Structure formats: structure tokens, C-alpha cells
Amino acid sequence: MKKIESVKEFGGYLNRYRHSSTSCQCEMTFSVYLPPQAQQRAVPAVYWLSGLTCTDDNFRTKAGAQRYAAELGLALIIPDTSPRGADVPDEPERYDLGQGAGFYVNATREPWSGHYQMYDYITRELPQLVEANLPLLAGVKSISGHSMGGHGALICALKNPGAYRSVSAFAPICHPVRCGWGETCFSAYLGDDRSDWQAWDATQLIEAGATASALLVDQGTVDEFLAEQLYPQDLDAACAAHGIPLILRMQEGYDHSYHFIASFLGEHLAWHARALGAGV
């Protein structure tokens with residue numbers, strides 16, 4: 001875990017690290033914001049999972065999260081969205097498959113399976129690494145994300161009951177087995193047997209009995225991907241049928257961009273801070 005960048009912000013430090021990942025079999029880069037409170041004591045963490053085409057750089061430069069994290073005493077853990085490198089399989093002519101589009105699953109099909117183990121990386125390897133090396137409270141964490149990353153946040157929480165104190169998402173891909181993005185990546189990474197896809201779909205996980213504490217989801221009403229890719233109504237129906245509390249807020253006039261995320265991120269981080277027992 002080598003620090004490659006450090007910038008002081010709001011009394012804390014935005015650091016960038018690189019390490020050799022055993023899950024993804026390549027060099028991985030991630031960012032961490034440590035609030036000023038981390039200079040005195042260990043702090044809880046919120047993991048942020050970004051969407052298609054993003055790296056760790058999008059969230060840390062566009063969302064305005066560090067200001068809120070400093071006020072709330074939260075660390076932000078910001079991984080990349082996929083393995084990367086010359087030896088990592090890719091479809092460079094596509095934005096929705098390969099590097100930048102890991103979809104937070106464990107791939108089982110060649111040529112992807114050797115590197116695309118993002119679920120294990122996010123839920124196991126990265127938390128163990130940062131908790132061993134940074135002033136973080138062990139196991140005291142929440143998770144959030146946007147679009148593909150919102151899908152990732154939901155499945156990580158649903159597949160690991162109790163591992164995250166809270167979960168939220170912005171415009172998540174709620175039912176990927178029904179949408180073009182999900183079908184593209186799932187068929188490549190997991191194969192053509194659609195029954196194998198169900199374990200990586202938040203709506204279907206809930207329908208199969210997975211549980212979680214309250215979910216907070218914000219969705220813009222003029223999101224250009226709402227009708228054909230996101231399906232929040234399916235997640236809403238599944239949660240209602242299975243008694244999972246879902247706070248689904250349809251935000252009038254907002255799109256899919258970081259303008260939308262930045263408008264409501266402070267509320268999400270405050271919600272996570274309460275669940276984490278951070279000093280609000």
C-alpha cells in the first residue's frame with residue numbers, strides 16, 4: 001500500500017494509494033479521505049462505489065464529499081471501478097464492458113475471471129487493507145454508490161448482512177438482469193445461464209430472501225437512463241413485498257450526473273453518520 005498523492009482538504013487529507021491486489025491480480029489504485037478527527041482517533045468509514053467509466057478520481061473531485069466528511073468525522077474509501085492494466089482484459093471500443101465497468105461481481109468466465117473479482121476486492125481485500133494501515137474503526141463501515149456503483153452498494157449490503165451499518169445509492173441499477181448494461185456485463189462475466197445472474201441483482205436477492213436495514217435511494221425524475229436501465233420501481237416492489245424498509249426519493253428535475261449527486265450527498269453522509277455513531 002504505497003501513498004502516491006496527498007492533498008490537505010478541510011483539515012483532513014485526501015490521499016491516493018496503489019497496491020498489488022490479490023483479488024484482481026493487478027495494481028489497483030484507490031483514494032481515501034481522512035477527516036481531521038482521524039489525527040486523534042480511529043474513525044468510521046463510508047465506502048463509495050462509482051459508476052460506469054469512472055475511476056476513483058470522479059467522486060473525489062466532483063461530489064464535494066470531503067467537506068461533509070470533515071464535519072461528520074467520516075473517512076471516505078473510494079476504490080476504482082475495475083481492474084486495470086495492459087494485461088487486464090478489456091473491450092476498448094465499449095464503455096459498458098471491461099475496464100471501467102467491473103460491475104462489482106466476481107467473474108466466472110474467461111477471459112474475465114482471472115482479474116475481474118471486484119466483489120471480493122470491495123467486500124474483503126480492500127477493507128482488510130485499509131483497516132490494517134489507516135486509523136479506521138475495524139468493521140465500522142457503511143456503503144454508498146452511484147449507478148453501477150449503486151448496484152454494487154446494494155448487493156454488497158444484501159449479500160453480507162450486518163457487515164455495513166447502512167447503505168444508500170444514487171440512481172442505482174436496481175434490476176440488472178432486465179437492463180442492457182446488466183445483460184452485457186453479466187453475460188460476459190458470468191455466462192449465458194441467467195440463473196447465475198440472480199445472485200448479483202439487488203431486486204432478485206431481496207425476492208430470494210436477502211435482508212438489509214433501511215435502504216436510502218435517491219433517483220432523479222429526468223434521468224436519461226431511468227426508463228430503460230435503472231428500474232427503481234422493481235426494487236420498491238420487492239422491498240414492500242418482503243418488509244425491507246426502503247426510502248425511495250424521486251427528486252424532481254434531477255438527472256444522472258454529479259450535479260444530482262452533489263445536491264443530496266450531504267444528506268446521505270449525515271444518514272450514514274447517524275448509523276455509524278459518528279460525531280454529528
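Just so it is clear, the model here is predicted, and its values are computed rather than measured.
The shortest side-chain heavy-atom distance between Thr108 and Asp196 does not fall under the 4.5 Å cut-off. Taking the side chain as every heavy atom from C-beta outward, Thr29 and Arg16 approach each other to under 4.5 Å. Between Trp200 and Lys159 there is a side-chain heavy-atom pair separated by less than 4.5 Å. Looking at heavy atoms from C-beta onward, Phe30 lies in side-chain contact with Met1 at the 4.5 angstrom threshold. Residues Leu269 and Leu76 form a side-chain contact, since some pair of their non-hydrogen atoms from C-beta on lies under 4.5 Å apart. Met28 has its side chain out of reach of Pro79: every pair of non-hydrogen atoms, C-beta onward, lies at least 4.5 Å apart. With a 4.5 Å cut-off on side-chain heavy atoms, Met250 and Leu226 count as touching. Within the 4.5 Å cutoff, the side chain of Trp112 has no heavy atoms near those of the Leu190 side chain.
Distance alone, capped at 3.5 Å, places no donor-acceptor pair between the Glu228 side chain and the Gly180 backbone. Counting only distance, with no hydrogens or angles, the side chain of Ser166 and the backbone of Ser142 share no donor-acceptor pair below 3.5 Å. The main-chain N or O of Pro172 is never found under 3.5 Å from a side-chain atom of His151 such that the two would form a donor-acceptor pair. Although no hydrogens or angles enter the test, the distance criterion places a donor-acceptor pair under 3.5 Å between the side chain of Thr203 and the main chain of Cys174. Judged by distance alone, the side chain of Asp96 and the main-chain N or O of Trp181 form no donor-acceptor pair under 3.5 Å. No donor-acceptor pair under 3.5 Å is formed between the side chain of Tyr164 and the backbone N or O of Tyr47. The backbone N or O of Gly139 sits less than 3.5 Å from a side-chain atom of Glu131, completing a donor-acceptor pair. At least one donor-acceptor pair closer than 3.5 Å links the side chain of Glu125 to the backbone N or O of Ser23. Checking side-chain atoms of Gln25 against main-chain N and O of Gln117 turns up no donor-acceptor pair under 3.5 Å. Here the side chain of Gln251 pairs no donor or acceptor atom with the backbone of Asp218 at under 3.5 angstrom.
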Intermediate values then yes/no, side chain to side chain contact (heavy atoms under 4.5 Å, CB included), His175 and Leu235: CA-CA 7 Å; His175 204 172; Leu235 181 70; over 6 Å; no
Trace of the side chain to side chain contact (heavy atoms under 4.5 Å, CB included) decision for Val217 with Asp236: CA-CA 10 Å; Val217 173; Asp236 192 21; over 6 Å; no
Step-by-step side chain to side chain contact (heavy atoms under 4.5 Å, CB included) determination, Asp223 to Asp255: CA-CA 4 Å; Asp223 189 319; Asp255 60 13; 5.5 Å; no
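In this structure, Glu93 places its CD atom where more than 12 heavy-atom neighbours from other residues, nucleotides or ligands lie under 6.0 Å away. Few gaps surround CD on Glu110; more than 12 heavy atoms of other groups in view lie less than 6.0 Å from it. Within a 6.0 Å radius of CZ in Arg194, more than 12 heavy atoms belonging to other residues, nucleotides or ligands are found.
Criterion: ILVMFWY side-chain heavy atoms under 4.5 Å apart, direct or through other members. Under it, Tyr17 and Leu126 are part of a common hydrophobic cluster. Follow the hydrophobic side-chain contacts under 4.5 Å out from Ile173 and you reach Leu248 in the same cluster. Ile261 and Val222 sit in two unconnected hydrophobic clusters of ILVMFWY residues. Membership requires side-chain heavy atoms under 4.5 Å apart, directly or through other members. No continuous path of hydrophobic side-chain contacts links Leu216 to Phe260 [ILVMFWY only; heavy atoms under 4.5 Å]. In the hydrophobic cluster analysis, where Ile, Leu, Val, Met, Phe, Trp and Tyr join through side-chain heavy atoms closer than 4.5 angstrom, Val46 is grouped apart from Leu136.
Separation of atoms CG (Asn133) and CD (Gln128) is listed at 11.5 Å; rounding is to 0.5 Å. Rounded to the nearest 0.5 angstrom, Lys141 NZ and Arg165 CZ are separated by 9.0 Å. Taken from CG in Asn106 to OG1 in Thr123, the straight-line distance is 7.5 Å, to the nearest 0.5 Å. Here Leu129 contributes atom CG and His19 contributes atom NE2; the two are 5.5 Å apart, rounded to the nearest 0.5 Å. The OG atom of Ser50 sits 9.5 Å away from atom NZ of Lys62, with the distance rounded to the nearest 0.5 Å. How far CD of Glu224 is from OG of Ser257: 8.0 Å, rounded to the nearest 0.5 Å.
None of Tyr121, Tyr189, Phe186, Phe103 except one satisfies the ring pair (Phe, Tyr, Trp, His ring centres under 6.0 Å) rule with Tyr116; the exception is Tyr189. For the ring pair (Phe, Tyr, Trp, His ring centres under 6.0 Å) test with Phe170, the passing option among His146, His259, His268 is His268; the others fail. Among Asp56, Thr61, Asp57, the one residue that satisfies the side chain to side chain donor-acceptor pair (under 3.5 Å) test with Ser31 is Asp56. Residue Trp48 forms a side-chain contact (heavy atoms from CB on, under 4.5 Å) with just one option from Leu265, Asn58, Ile143, and that option is Leu265.
Nearest heavy atom pair, residue Trp271 against residue Ala214, reads CH2-O, 3.1 Å. Among all heavy-atom pairs drawn from Met118 and Thr81, the shortest one is CE-C, 3.8 Å. For the pair Asp80 and Arg84, the tightest heavy-atom approach, listed with the atom from each and the gap, is OD2-NE, 2.6 Å. Gln37 and Ala70 get closest at one heavy-atom pair: NE2-O, 3.0 Å. Across all non-hydrogen atoms, the minimal contact from Ala101 to Ser82 is N-CB, 4.0 Å. Heavy atoms only, all atoms of each residue included: Gly191 and Trp197 are closest at O-NE1, 2.9 Å.
Side-chain atoms of Ser187 and Asp192 include no donor-acceptor pair closer than 3.5 Å.
Taking the six-membered ring where the residue is Trp, the centroids of Tyr254 and Phe264 are separated by under 6.0 Å.
Taking the six-membered ring where tryptophan is involved, the planes of Phe225 and His256 are perpendicular, since the angle between them exceeds 60° and thus also 30°.
Checked for salt-bridge contact, Glu5 and Arg60 meet the test: a charged N lies under 4.0 Å from a carboxylate O.
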